[in-house]
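For reference, the structure discussed in these notes is given below.
We name chains A, B, ... by the order of the sequence lines, and we start the count at 1 in each one. Note that the structure is predicted; figures quoted are calculated from it, not measured.
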Amino acid sequence: MENLDWIFRWFHILAGIMWIGLLYFFNFVNAAAVKEATAAGEAGPISKYVMPRALLYFRWGAVVTWVFGAALLGNFHGPDGSNGFVSAFTLQGVMAPIGFGAWLGTIMLLNVWGIIWPNQKKLLGLVPATDEEKAKARRPAFLASRVNTMLSIPMIFFMATGPTSMSQFIYH
Amino acid sequence: MGRATCSANRTHSRRLYVKNPLDSLWGTVISGFVLTAILYLIARAIVSHAVGAGA
């Protein structure tokens with residue numbers, strides 16, 4: 001399985017760009033655009049044509065990123081023979097930095113599927129919801145998306161520095 | 001007593017005006033960098049401890 005390491009890493013990064021790229025699109029571009037478009041009475045096309053497609057790639061990008069990241073970790077074995085997945089998630093020694101990244105990514109994935117997507121389905125009219133339910137769904141969806149944007153900053157830091165040769169200069 | 005009530009009211013009203021940094025995009029980004037610094041220090045301590053212990 002060691003010769004599959006590169007393919008796990010490749011797809012982990014590809015899917016990660018899809019996921020975090022769309023997260024940044026939602027937070028840095030779309031939120032402000034929807035606010036202005038709503039004030040102008042023109043938000044309909046964004047909700048109808050852009051958001052469902054963007055959320056489709058967003059939520060499945062999150063799953064693919066996590067699965068290939070988990071495969072990459074599981075394929076790694078420490079000098080003592082310990083499994084990388086277990087060592088990372090239990091924050092063992094030199095695996096602690098990538099473990100922090102893995103935990104942050106996992107929390108973000110759960111945010112996507114547990115909070116953002118169920119509430120966005122109501123807001124976009126993909127499931128039946130009353131106006132009151134839509135009003136209640138807005139704040140959790142917004143905050144979960146902002147929490148993920150905040151968590152993405154340390155998550156990417158640990159992904160970039162944890163498993164590489166530069167980690168000895170940063171953490172030792 | 002009056003001063004204590006006044007102080008309590010001031011604390012209460014101050015709490016009302018505390019903003020959630022996540023309501024602002026730049027508040028979110030700054031919070032992310034602060035969290036990075038805190039987690040980095042914890043990760044470095046764990047790694048140093050492990051390397052010192054010969055792990």
Side-chain angles (χ1 to χ4, degrees), chain A residues 20 23-33 35 78-80 82 87-88 90-104 107-108 111 138-163 166-172, chain B:
Chain A
I20 304 303
L23 175 71
Y24 288 172
F25 164 75
F26 290 139
N27 281 275
F28 287 86
V29 179
N30 199 55
K35 201 173 176 183
D80 57 348
S82 60
S87 306
T90 52
L91 306 176
Q92 295 295 310
V94 293
M95 293 298 281
I98 192 64
F100 275 110
W103 269 113
L104 291 167
I107 294 165
M108 290 169 67
N111 261 346
R138 199 172 304 278
R139 185 74 177 156
F142 171 80
L143 280 180
S145 187
R146 282 289 164 89
V147 165
N148 273 8
T149 303
M150 177 184 73
L151 296 182
S152 72
I153 294 170
M155 187 270 287
I156 291 171
F157 172 82
F158 288 115
M159 291 292 160
T161 61
M166 76 173 88
S167 65
Q168 64 180 306
F169 302 112
I170 293 174
Y171 294 104
H172 293 192
Chain B
M1 182 71 180
R3 196 177 289 173
T5 310
C6 180
S7 171
N9 284 343
R10 216 181 300 143
T11 307
H12 180 65
S13 57
R14 209 181 292 150
R15 274 189 193 152
L16 287 177
Y17 289 105
V18 171
K19 286 184 180 175
N20 184 341
L22 300 183
D23 278 321
S24 139
L25 189 56
W26 293 112
T28 303
V29 172
I30 291 165
S31 301
F33 281 107
V34 171
L35 184 61
T36 305
I38 294 166
L39 292 177
Y40 164 71
L41 292 174
I42 297 169
R44 197 177 66 166
I46 294 171
V47 171
S48 300
H49 181 75
V51 170

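B/T28 OG1 to A/N148 CG: the interatomic distance, rounded to the nearest 0.5 Å, is 11.0 Å. For the atom pair CZ of A/F157 and CG of B/L39, the computed distance is 9.5 Å after rounding to the nearest 0.5 Å. Note that the CG atom of B/L25 and the CZ atom of A/R146 stand 5.0 Å from one another [nearest 0.5 Å].
For A/L104, the part lying under 4.5 angstrom from a heavy atom of chain B is the side chain only. Looking at B/N20, the atoms closer than 4.5 Å to chain A (heavy atoms on both sides) all sit in the side chain, from C-beta outward. If you measure heavy-atom distances from A/F142 to chain B, the contacts under 4.5 Å come from the side chain alone.
Enclosure of atom OH in A/Y24 by more than 12 non-hydrogen atoms of other residues, nucleotides or ligands within 6.0 angstrom is indicated.
Across all non-hydrogen atoms, the minimal contact from B/Y40 to A/F158 is N-CZ, 3.8 Å. Closest approach of A/G93 to B/V47, counting heavy atoms only: O-CG2, 3.6 Å.
The residue from B/L35, B/V29, B/I30 that alone fulfils the side chain to side chain contact (heavy atoms under 4.5 Å, CB included) condition with A/I153 is B/V29.
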